[in-house]
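Down below is the structure, laid out as structure tokens.
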Amino acid sequence: LGDGWFPQGLPDAANEDRLSRLAKYMREAERSPASIGIEARISIAGGTPDDWRRTYSRWQQLGATHIGVNTMRAGFQAAREHIDAIAHVRDVLRGL
């Protein structure tokens, strides 16, 4: 379908370049770059709320339309811990 993309990694120069090329390819295919969803990720392992805010803001600047929260390697043992961590990140990012 080509209606979404999941960039891997950080909102760095490499992903900025990839997103720029994606927009170029979309225009060449006579499609609006705005017609594709971009779902980036925030990894919470080893990060702080300030790190999550910076990563979230940078992904927004790069055009992300959706943000997933990665809880892998955060030391959680139970599903409830993962769910609670995701809710905590949501609460930290709310209002940005």
Side-chain angles (χ1 to χ4, degrees):
L1 295 175
D3 61 357
W5 187 55
F6 297 88
Q8 301 300 306
L10 299 170
D12 56 12
N15 268 321
E16 182 174 9
D17 180 61
R18 288 180 190 107
L19 288 163
S20 178
R21 284 186 285 141
L22 177 63
K24 176 182 172 271
Y25 301 147
M26 295 285 293
R27 287 188 295 275
E28 288 173 358
E30 298 182 1
R31 291 182 60 191
S32 168
S35 70
I36 187 168
I38 306 295
E39 183 175 334
R41 245 189 260 177
I42 295 174
S43 180
I44 65 167
T48 67
D50 285 338
D51 296 329
W52 307 334
R53 286 183 194 98
R54 277 190 297 276
T55 301
Y56 177 78
S57 293
R58 182 65 180 132
W59 276 124
Q60 281 188 311
Q61 291 169 359
L62 293 179
T65 57
H66 299 77
I67 298 288
V69 177
N70 181 349
T71 60
M72 294 184 294
R73 297 189 238 337
F76 302 130
Q77 300 298 311
R80 174 51 49 196
E81 291 174 290
H82 290 270
I83 293 166
D84 290 346
I86 292 167
H88 176 64
V89 172
R90 178 204 60 211
D91 292 344
V92 166
L93 299 178
R94 194 170 267 162
L96 288 182

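Fair warning: this is a prediction, and the values are worked out from it, not measured in the lab. Values reported hereafter were calculated over all heavy atoms of this structure, with side chains retained and with hydrogens, waters and symmetry mates removed.
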Roughly how far, to the nearest 0.5 Å, is [atom2] of [Y] from [atom1] of [X]?
X: His82; Y: Asn70; atom1: NE2; atom2: CG; answer: 10.0 Å
X: Gln61; Y: Leu19; atom1: CD; atom2: CG; answer: 12.5 Å
X: Thr48; Y: Arg54; atom1: OG1; atom2: CZ; answer: 6.0 Å
X: Ile67; Y: Leu93; atom1: CD1; atom2: CG; answer: 8.0 Å
X: Thr71; Y: Ile83; atom1: OG1; atom2: CD1; answer: 9.5 Å

(Q) Can you list everything that forms a side chain to side chain donor-acceptor pair (under 3.5 Å) with Thr55? Sequence neighbours excluded, please. (A) none

Q.
Has Asp91 got a side-chain atom pairing as donor or acceptor with His88's backbone, closer than 3.5 angstrom?
A. no

Q | Pro33 side chain near Arg27 side chain, heavy-atom distance below 4.5 Å | A | yes

Q: Check whether any side-chain heavy atom of Ile44 lies under 4.5 Å from a side-chain heavy atom of Phe76, and answer yes or no.
A: yes

Q. Which heavy atom in Asp3 sits nearest to a heavy atom in Ile36, and how many Å separate them?
A. C-CG1, 3.5 Å

Q. Between Ser32 and Ser35, which heavy-atom pair has the shortest distance, and what is it?
A. O-OG, 2.6 Å

Donor-acceptor contacts, no H, no angles, side chain residues 6-17, under 3.5 Å, sequence neighbours left out:
from: Gln8; atom 1: OE1; to: Arg41; atom 2: NH2; distance (Å): 3.3
from: Gln8; atom 1: NE2; to: Phe6; atom 2: O; distance (Å): 3.2
from: Asp12; atom 1: OD1; to: Ala14; atom 2: N; distance (Å): 3.3
from: Asp12; atom 1: OD1; to: Asn15; atom 2: N; distance (Å): 3.0
from: Asn15; atom 1: OD1; to: Arg18; atom 2: NH1; distance (Å): 3.1
from: Asn15; atom 1: ND2; to: Gln8; atom 2: O; distance (Å): 2.8
from: Asn15; atom 1: ND2; to: Leu10; atom 2: O; distance (Å): 2.8
from: Glu16; atom 1: OE1; to: Arg58; atom 2: NH2; distance (Å): 3.0
from: Asp17; atom 1: OD2; to: Arg21; atom 2: NE; distance (Å): 3.1
from: Asp17; atom 1: OD2; to: Arg21; atom 2: NH2; distance (Å): 3.4

